[in-house]
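Encoded as structure tokens, the structure appears first; notes follow it.
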Amino acid sequence: MKEPTLLDNVFERFLRSTQVFRNREVLRHDYIPGNLPHREEQIRCLGEIVAPVLKGSRCSNVFVYGKTGTGKTAVIKYVLNRLADKAREFGAPVKICYVNCRLAGTEYRIYSSLCNAIGVKVPFTGLALGEVFDRLKAGLDSRKLLLIVILDEIDALIKMRGDMLLYELTRINEALHYSRAAIVGISNDLRFKEFLDPRVLSSLSEEEILFRPYDATELRDILWDRARVAFCDGVLVDGTVDLCAALAAAEHGDARRVLDLLRVAGELAEREGSNFVSEEHIRKAEKRIEHDRIVETLRNLTLHSKFVLCSVYLLRKAKVNYAITGDIYNIYSELCDQLELVPLTQRRVSSLVNELDVIGLLNTRVVSMGRYGRTKKIRLSIARSLIKKTFATDDRLGRLISYAPRCLAEISSGRS
DNA sequence: TGTCCACTGGAACGTACGGCTT
DNA sequence: AAGCCGTACGTTCCAGTGGACA
């Protein structure tokens with residue numbers, strides 16, 4: 001008989017523990033529920049816009065915008081899935097193609113997704129953009145289809161590549177004789193319209209639908225809807241759902257975030273072997289999500305940004321109240337020397353400090369110290385322990401975390 | 001009131017690289 | 001395969017800045 005391993009024990013405990021989730025998939029971002037509370041108006045509006053395709057006419061282009069987690073993608077997928085069902089029922093030649101522009105990345109890949117959706121084969125690469133577009137038009141016309149193209153995160157594409165693709169797509173019907181295409185553009189950025197050519201804008205925005213953020217009451221309804229399916233009966237203690245909703249409402253009414261919060265809280269309860277999810281679990285989940293976000297951000301920094309952050313860390317460790325650009329640059333250069341790397345210029349390091357400020361790892365403020373010049377006061381805005389823990393696992397940075405810079409004594413004598 | 005410090009941050013430019021295009 | 005192009009990353013240069021200090 002084999003001895004049970006550590007992992008066997010983990011699995012055993014999991015299987016024996018009381019069940020928290022009935023169906024945790026319901027809490028994932030990509031799950032499309034059968035009911036979308038507080039989006040009835042948008043559903044009806046989009047439904048009315050796309051309905052003409054059931055009678056063989058082209059529908060208007062639609063421009064949908066709203067912040068992340070306001071239900072744009074879910075509503076559109078929901079409505080167009082239903083439309084596709086109805087179209088099959090009535091034998092209408094409708095084809096729907098969903099493309100996430102940010103994930104697709106290039107115009108070529110977007111065209112090639114559209115080609116694949118209507119059954120036109122194109123190589124992964126190698127063709128001129130114009131050629132792929134021509135094949136799309138030819139393929140579309142020969143199949144006599146009503147194509148609805150959903151371009152999600154369209155703002156990401158425009159910012160990266162300009163609006164050429166949208167210009168071509170909004171004019172595609174001029175080149176078609178037997179088919180018609182309509183575009184549903186989805187944008188997270190409300191100012192995105194400013195980037196568009198007026199001709200593209202007027203064509204794309206034949207109809208517009210706005211998704212405003214959910215408030216706490218609406219988030220609570222959404223959450224209850226999902227929670228009833230996701231969790232076993234009696235698992236959610238009174239007040240947990242309300243707390244989740246309140247926390248997320250305070251941060252721009254993002255429904256995705258609230259679902260994450262509840263899922264992670266449930267997982268924490270599950271691991272503890274608890275048979276209910278309490279407010280305590282929600283608080284822990286919030287900390288866990290924030291912790292994971294910071295660790296992920298730290299890991300993904302470039303080497304030099306890590307060095308800059310490490311310099312601020314070392315200053316803070318030496319009890320220096322605040323750092324200024326010059327100090328940080330001195331320590332940073334010393335760290336580079338240690339690893340035999342050529343340091344970047346102070347100008348560049350100053351930009352890196354700004355970037356670290358923008359992503360919330362540093363807190364900076366431009367100050368004038370009179371005769372002693374104008375500079376920037378820089379502080380850490382995350383816990384020192386988090387940096388230590390994350391960088392300790394890195395070969396090179398692990399050494400630097402415990403390094404004592406020579407210039408530190410001079411700095412700390414002047415400013416502790 | 002003018003000087004001076006220690007930068008800030010904009011602009012122009014160079015280089016490397018990945019991916020598109022022919 | 002090779003050229004082209006856009007982008008990211010970085011450098012160099014420099015005008016501008018706010019307040020202590022003489």
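The structure presented is a predicted model; accordingly, all values stated were derived computationally and were not measured. Values reported hereafter were calculated over all heavy atoms of this structure, with side chains retained and with hydrogens, waters and symmetry mates removed.
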Residues A:Glu280, A:Arg283: salt bridge by 4.0 Å N-O rule: no
Atom-pair distance (CG on A:Leu352; P on B:dG9), nearest Å: 14 Å
Closest nucleotide among C:dG19, C:dA20, B:dC7 to the A:Thr375 side chain: B:dC7
Ring centroid separation A:Phe211 to A:Tyr65 under 6.0 Å: no
Nearest listed nucleotide, side chain of A:Asn354, among B:dC7, C:dC21, B:dG9: B:dG9
A:Glu355 CD - C:dG10 C1' separation (whole Å): 11 Å
Salt bridge (Lys or Arg N to Asp or Glu O under 4.0 Å) partner of A:Asp260, the single match among A:Arg263, A:Arg257, A:Arg256: A:Arg263
Between B:dC5 (P) and A:Ile324 (CD1): distance, integer Å: 15 Å
Between P of B:dG9 and CD of A:Gln346, the distance in whole Å: 12 Å
Atom-pair distance (OH on A:Tyr329; P on B:dA6), nearest Å: 16 Å
Row check, A:Tyr214 ring normal vs A:Arg220 NZ/CZ: under 6.0 Å, within 45°: no
Presence of A:Lys376 side-chain N/O under 4.0 Å of B:dG9 phosphate oxygens OP1/OP2: yes
d(CG, A:Leu344; C1', C:dT12) in whole Å: 14 Å
Touch class at under 4.0 angstrom, heavy-atom based, for A:Thr345 against every strand present: base
Contact under 4.0 Å: A:Ser350 side-chain N or O vs B:dG9 OP1/OP2: no
Candidate nucleotides B:dG9, C:dG10, C:dT17, ranked by approach to the side chain of A:Arg374 - the nearest: C:dT17
Spacing of A:Arg371 atom CZ relative to B:dC4 atom P, expressed in whole Å: 8 Å
Verdict with reasoning, A:Tyr403 to A:Glu334, per side-chain hydrogen bond (donor to acceptor under 3.5 Å, both in side chains): CA-CA 10 Å; A:Tyr403 176 72; A:Glu334 222 181 298; 2.9 Å; yes
Spacing of A:Arg348 atom CZ relative to C:dT11 atom P, expressed in whole Å: 8 Å
Along DNA chain B (nearest heavy atom to each residue), the more 5'-positioned of A:Arg347 and A:Gly326: A:Gly326
